[in-house]
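Report on the following structure.
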Amino acid sequence: MIDLVRKAKHDDVNAFHELYKLFGKDIYNFVYRLTGSKEDAEDLTQETFVKAFQDLKNLREDSRFKSWLFSIARNEVYQRARRYGSRVKPLEEEAIQIPSTEKTPEEAYLHGELSDIVQSALDSLPLKLKTVLVLAAIQNHSYQEIAEIVGRSVPAVKTDIHRARLKVREYIKKYLSL
Amino acid sequence: MNCQLCCQELSAYIDKELNEKTAAQLRMHLTTCLNCKAEYESLLKMQVMMDEAEVFEPDPAIWIRIERQISKKKADFWDMVLSTLQDLIARYAYFIHTPTLVGSLAAILLILMTFSLYDKYQEKRALMAWVEKHSRANVSLEINPFGSQVIESLDENPFDTFKEVSLDLNVNYFGSSFFSESETLEKNPFSL
Ligand SMILES: [Zn+2]
């Protein structure tokens with residue numbers, strides 16, 4: 001991976017394609033879970049990798065590429081959230097309102113669509129909590145990596161992940177027995 | 001370990017982020033405390049849901065768009081103009097009378113190219129004037145508005161330095177000569 005990063009730094013598009021093959025799907029799923037929208041996820045994945053390619057020379061430690069890439073993706077999501085203004089309130093403790101599914105969680109559950117329930121539960125969270133929970137509980141990043149991605153301390157991340165879990169559970173509890 | 005601490009650490013325990021000592025204490029507490037055990041199982045059940053949540057497959061077209069965009073960085077001004085025009089045409093084709101559109105776009109393009117060419121011409125002329133003033137050399141210049149290539153050559157003629165400066169300027173436009181200038185100047189070598 002480090003070798004690919006080094007090559008990509010010298011404008012090697014093939015090496016960058018290999019990096020995309022390694023992390024493209026993770027980034028796509030990350031931004032998909034954050035926005036709940038396929039179109040937004042496609043745009044944001046594209047923007048993330050284009051930005052990464054352009055800024056790659058500023059990455060000092062090649063081994064940190066993955067965390068760095070996720071932090072770009074996170075910033076892109078936050079910027080988009082800010083642009084939508086009233087539709088999304090990223091930094092406040094209010095739920096963001098990106099409509100991702102037409103079904104209520106109950107309907108989704110009846111249709112056996114677990115993914116939809118998880119998504120609506122995530123959508124009930126403020127973006128800050130949603131980000132750390134998606135990284136920890138769905139994408140299995142370590143708390144250390146998450147701290148690097150969101151630019152906060154490990155204890156702060158740990159507290160937020162727990163708070164996010166409790167909130168999601170409250171939300172799902174309305175529909176399912178947990 | 002008490003209940004409050006146990007509940008605080010459950011999330012980190014599920015994420016396997018606790019050190020072995022704390023994890024062992026927590027496990028011990030769970031064997032003795034039904035409330036905390038219930039809390040743990042509820043959070044674990046939720047984690048199972050998250051683990052089973054769908055993993056989405058990105059559209060392969062995303063990479064194609066990324067590749068196009070990162071290669072664009074190197075594309076020149078005229079490619080940019082053309083692709084912008086293409087985008088505009090694609091987007092507004094519905095509303096526009098095609099011959100008028102093509103006509104106006106061609107006119108705009110022509111004006112833009114002429115401006116750009118004239119700029120280049122002026123700039124190069126100034127450069128050549130400077131060269132003429134400070135050295136004795138043959139300068140030839142070709143400007144191609146399509147490829148944005150400015151081909152210049154400055155042939156220093158060391159054997160002839162003190163005799164004359166020859167200046168050739170050719171600007172090609174649509175393949176034919178647009179500006180053409182050729183001068184040979186006698187110079188007093190001691191004025192340099
Ligand atoms: Zn207890």
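Letters go in sequence order (proteins before strands), and every chain restarts at 1.
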Side chain / backbone / both / neither for A/Ile27 at chain B, heavy atoms under 4.5 Å: neither
hydrophobic_cluster_shared for B/Leu43 and B/Leu30, side chain cutoff 4.5 Å: yes
Heavy-atom donor-acceptor pair, B/Gln47 side chain to A/Ala137 backbone, under 3.5 Å: yes
Whether over 12 other heavy atoms sit under 6.0 Å from A/Lys7 NZ: no
Taking every non-hydrogen atom, the tightest pair across A/Val50 and B/Ile70: CA-CG2, 4.1 Å
Proximity breakdown for A/Lys158 and chain B, heavy-atom pairs closer than 4.5 Å: side chain
For chain A, the option from B/Ala61, B/Ala38, B/Cys7 that forms the most heavy-atom pairs under 4.5 Å: B/Cys7
For the student: nearest non-hydrogen atoms of A/Gln46 and B/Ile62, plus distance: N-CG2, 4.2 Å
Heavy-atom pair of closest approach, residues B/Glu17 and A/Ser142: OE2-CA, 3.2 Å
Cluster link B/Ile64 to A/Leu44, ILVMFWY, side chain under 4.5 Å: no
Side-chain heavy-atom pair A/Asn29, B/Glu54 within 4.5 angstrom cut-off: no
Neighbour count >12 (heavy atoms, 6.0 Å) for atom CE, B/Met28: no
Minimal non-hydrogen separation, B/Pro58 against A/Tyr20, with atom names: CB-OH, 4.5 Å
Distance (rounded to the nearest 0.5 Å) between A/Ile117 CD1 and B/Met49 CE: 4.5 Å
Side chain to side chain, A/Asn140 and B/Asp15, heavy atoms closer than 4.5 Å: no
Distance-minimising heavy-atom pair for A/Lys25 and B/Glu57: NZ-OE2, 2.5 Å
Close side-chain approach of B/Met46 to A/Arg165, heavy-atom, < 4.5 Å: yes
Distance in Å, B/Leu10 CG paired with A/His162 NE2, rounded so as to fall on 0.5 Å steps: 6.0 Å
Chain B contact via A/Tyr143 - which portion, at a heavy-atom distance below 4.5 Å: both
Shared hydrophobic cluster, A/Val13 / A/Leu19 (ILVMFWY, side-chain heavy atoms < 4.5 Å): yes
A/Phe16 and B/Trp63 aromatic ring geometry - parallel, tilted or perpendicular at 30°/60° bounds: tilted
Same cluster (ILVMFWY, side-chain, under 4.5 Å), A/Val132 and B/Tyr13: no
Euclidean distance, A/Leu122 CG relative to B/Met50 CE, rounded to 0.5 Å: 5.5 Å
Spacing of CD1 belonging to A/Ile161 relative to CD1 belonging to B/Ile14, to within rounding of 0.5 Å: 11.5 Å
Residues, nucleotides or ligands: over 12 heavy atoms within 6.0 Å of B/Asn19 CG: yes
Cluster check A/Leu166, A/Leu127: I/L/V/M/F/W/Y, side chain < 4.5 angstrom: no
